[in-house]
Amino acid sequence: MPAQILEDGRVYFFYRPRVERTEVDDIEDLQRLHMVLRPRGTDRFRVLVIGRKHLPRVEEAHERLWAMVTDVVEGADRLREVLGPRTYETKTRGRREVPEARPAGDGVYVLARHDDHTHLAYELLHPEEPGEVQRELNLEDQASYIITVRNPDVPPPPGMRRGTGRRPEFPEHLREKFGDRRFVAVDPPDFLDYEGADVVLIGAAGDPARELGIDLECEAERVGVRDLFEELRLSRDRQLTDPLEKGEWR
């Protein structure tokens, strides 16, 4: 049976270089990989950081990686603040600069109920020809992951939790879904609207249409790269455009 779509919208992938790194040569020069979900019909952006700085491998590998919702904001201006450059002071090295995040891909996504679990599936719209950036980040033309959310009342598995350690303030109707379980399906998608929510992504398939019976490209409008940069109010500096248009590190 085809999966039941719970939510669809636009997905964006950004990578942030390490502190004081203006040029990026490979994945070792990255500090973070972000996945941003924008549900259809909203101006809400959910920002997730992906563990190990790459997406899970699919098909035979079925790689399992953690991710965390770090920010939930309204509007492109607030998203730019989250992904923009940052500075901070240290006692030993003085002021340190963190470069702004750079887009590595954008496309459409669905969150879908499939049997007793949920899938996050996407299809890339840009770049049209994936390059070295997308290959190193395991950013496929299309992919599907089983997605679960962790019960904040139980300890995380060893090695899962990184980042700020914030605790999500789930409302009672969502907390009740956990019962005594450590993880539950992301159903409803509202679980992703709370900063600090821990999720696990498990590589499931490289062909969501065949696996889930869903045509992802029909779930959102196709837009051009120029429209994307205007939509997110990004500058068209080569450091931002080349990874997305040419698949080249910058």
Side-chain angles (χ1 to χ4, degrees), residues 9-38 45-59 61 63 65 67 70-71 76-77 79-87 96-109 120-145 201 203 206-208 216-217 220-250:
R10 295 294 303 278
V11 59
Y12 316 93
F13 298 94
F14 290 82
Y15 66 85
R16 189 185 291 277
R18 290 185 181 275
V19 178
E20 304 291 339
R21 294 288 302 190
T22 57
E23 297 291 333
V24 174
D25 296 320
D26 55 39
I27 197 172
E28 297 302 320
D29 293 330
L30 304 190
Q31 182 186 67
R32 292 280 177 86
L33 172 64
H34 297 283
M35 176 170 61
V36 180
L37 302 178
R38 182 184 187 180
F45 297 88
R46 308 180 182 120
V47 183
L48 290 81
V49 60
I50 307 297
R52 300 188 186 177
K53 299 180 292 188
H54 66 78
L55 292 165
R57 297 175 180 86
V58 296
E59 299 293 358
E63 188 174 19
L65 294 179
T70 58
D71 299 271
D77 290 336
L79 179 66
R80 284 192 61 190
E81 293 177 13
V82 171
L83 299 178
R86 300 177 180 176
T87 60
R96 304 281 281 168
E97 296 187 0
V98 182
E100 68 182 314
R102 302 169 186 178
D106 83 285
V108 296
Y109 80 92
L120 170 63
Y122 74 86
E123 180 176 340
L124 281 187
L125 302 179
H126 307 109
E128 295 182 2
E129 294 293 335
E132 58 182 340
V133 172
Q134 291 73 35
R135 286 192 291 273
E136 288 201 52
L137 299 178
N138 289 338
L139 188 51
E140 306 284 351
D141 289 335
Q142 54 183 334
S144 172
Y145 312 109
L201 299 171
D207 188 351
L216 273 73
E217 191 170 335
E221 295 180 359
R222 178 177 291 274
V223 298
V225 171
R226 181 179 300 275
D227 297 323
L228 169 66
F229 277 77
E230 292 177 355
E231 174 187 351
L232 300 185
R233 297 180 175 86
L234 302 174
S235 71
R236 293 191 60 80
D237 184 275
R238 287 186 62 190
Q239 285 190 326
L240 295 183
T241 60
D242 280 4
L244 186 63
E245 293 182 325
K246 301 178 181 180
E248 297 177 356
W249 292 113
R250 283 290 177 183

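Residue numbers count from 1 along this sequence.
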**Message:** The test is side chain to side chain contact (heavy atoms under 4.5 Å, CB included); show your working for Met35 and Leu120 and say whether it passes.
**Reply:** CA-CA 12 Å; Met35 176 170 61; Leu120 170 63; 3.6 Å; yes

**Asked** Is there a side chain to side chain contact (heavy atoms under 4.5 Å, CB included) between Val24 and Trp249 once you walk through the steps?
**Response** CA-CA 6 Å; Val24 174; Trp249 292 113; 3.4 Å; yes

**Asked** Taking the side chain as C-beta and beyond, is there a heavy-atom pair between Phe13 and Leu124 under 4.5 Å?
**Response** yes

**Message:** Is any side-chain heavy atom of Glu140 closer than 4.5 Å to one of Tyr122?
**Reply:** yes

Heavy-atom pair with the smallest gap, counting every atom of [X] and [Y]:
{"X": "Asp141", "Y": "Pro130", "result": "OD1-CG, 3.2 Å"}
{"X": "Val58", "Y": "Gly203", "result": "CG1-CA, 3.9 Å"}
{"X": "Pro127", "Y": "Gly105", "result": "CD-CA, 4.3 Å"}
{"X": "Arg238", "Y": "Pro243", "result": "O-CD, 3.9 Å"}
{"X": "Leu244", "Y": "Ala104", "result": "CD1-C, 4.0 Å"}
{"X": "Leu65", "Y": "His54", "result": "CD1-O, 3.1 Å"}

**Message:** For Phe45 and Tyr12, take the angle between the two ring planes, folded into 0 to 90°, and tell me which bin it lands in: parallel under 30, tilted 30 to 60, perpendicular over 60.
**Reply:** tilted

So how far is it from [X] [atom1] to [Y] [atom2], rounded to the nearest 0.5 Å?
{"X": "Ile27", "Y": "Arg135", "atom1": "CD1", "atom2": "CZ", "answer": "13.0 Å"}
{"X": "Asp207", "Y": "Glu123", "atom1": "CG", "atom2": "CD", "answer": "9.5 Å"}
{"X": "Leu55", "Y": "Leu139", "atom1": "CG", "atom2": "CG", "answer": "6.0 Å"}
{"X": "Arg52", "Y": "Leu137", "atom1": "CZ", "atom2": "CG", "answer": "15.0 Å"}
{"X": "Glu100", "Y": "Arg86", "atom1": "CD", "atom2": "CZ", "answer": "12.0 Å"}
{"X": "Arg21", "Y": "Arg16", "atom1": "CZ", "atom2": "CZ", "answer": "15.5 Å"}

**Item:** Partners meeting salt bridge (Lys or Arg N to Asp or Glu O under 4.0 Å) with Glu97 (sequence neighbours left out)
**Value:** none

**Item:** Counterpart residues, salt bridge (Lys or Arg N to Asp or Glu O under 4.0 Å), relative to Arg18 (two or more places apart)
**Value:** none

**Item:** side chain to side chain contact (heavy atoms under 4.5 Å, CB included) between Val82 and His34, intermediate numbers included
**Value:** CA-CA 11 Å; Val82 171; His34 297 283; over 6 Å; no

**Request:** Take Glu245 and Arg236, measure what salt bridge (Lys or Arg N to Asp or Glu O under 4.0 Å) needs, and give me the verdict at the end.
**Result:** CA-CA 11 Å; Glu245 293 182 325; Arg236 293 191 60 80; 3.4 Å; yes

**Message:** Ile50 vs Leu201, test: side chain to side chain contact (heavy atoms under 4.5 Å, CB included). Steps then yes/no.
**Reply:** CA-CA 9 Å; Ile50 307 297; Leu201 299 171; 4.1 Å; yes

**Request:** Would you confirm whether Arg10, through its side chain, and Gly107, through its main-chain N or O, come within 3.5 Å as a donor-acceptor pair?
**Result:** yes

**Request:** Report the residues that fulfil side chain to side chain donor-acceptor pair (under 3.5 Å) with Arg80, sequence neighbours left out, ordered by chain and then residue number.
**Result:** none

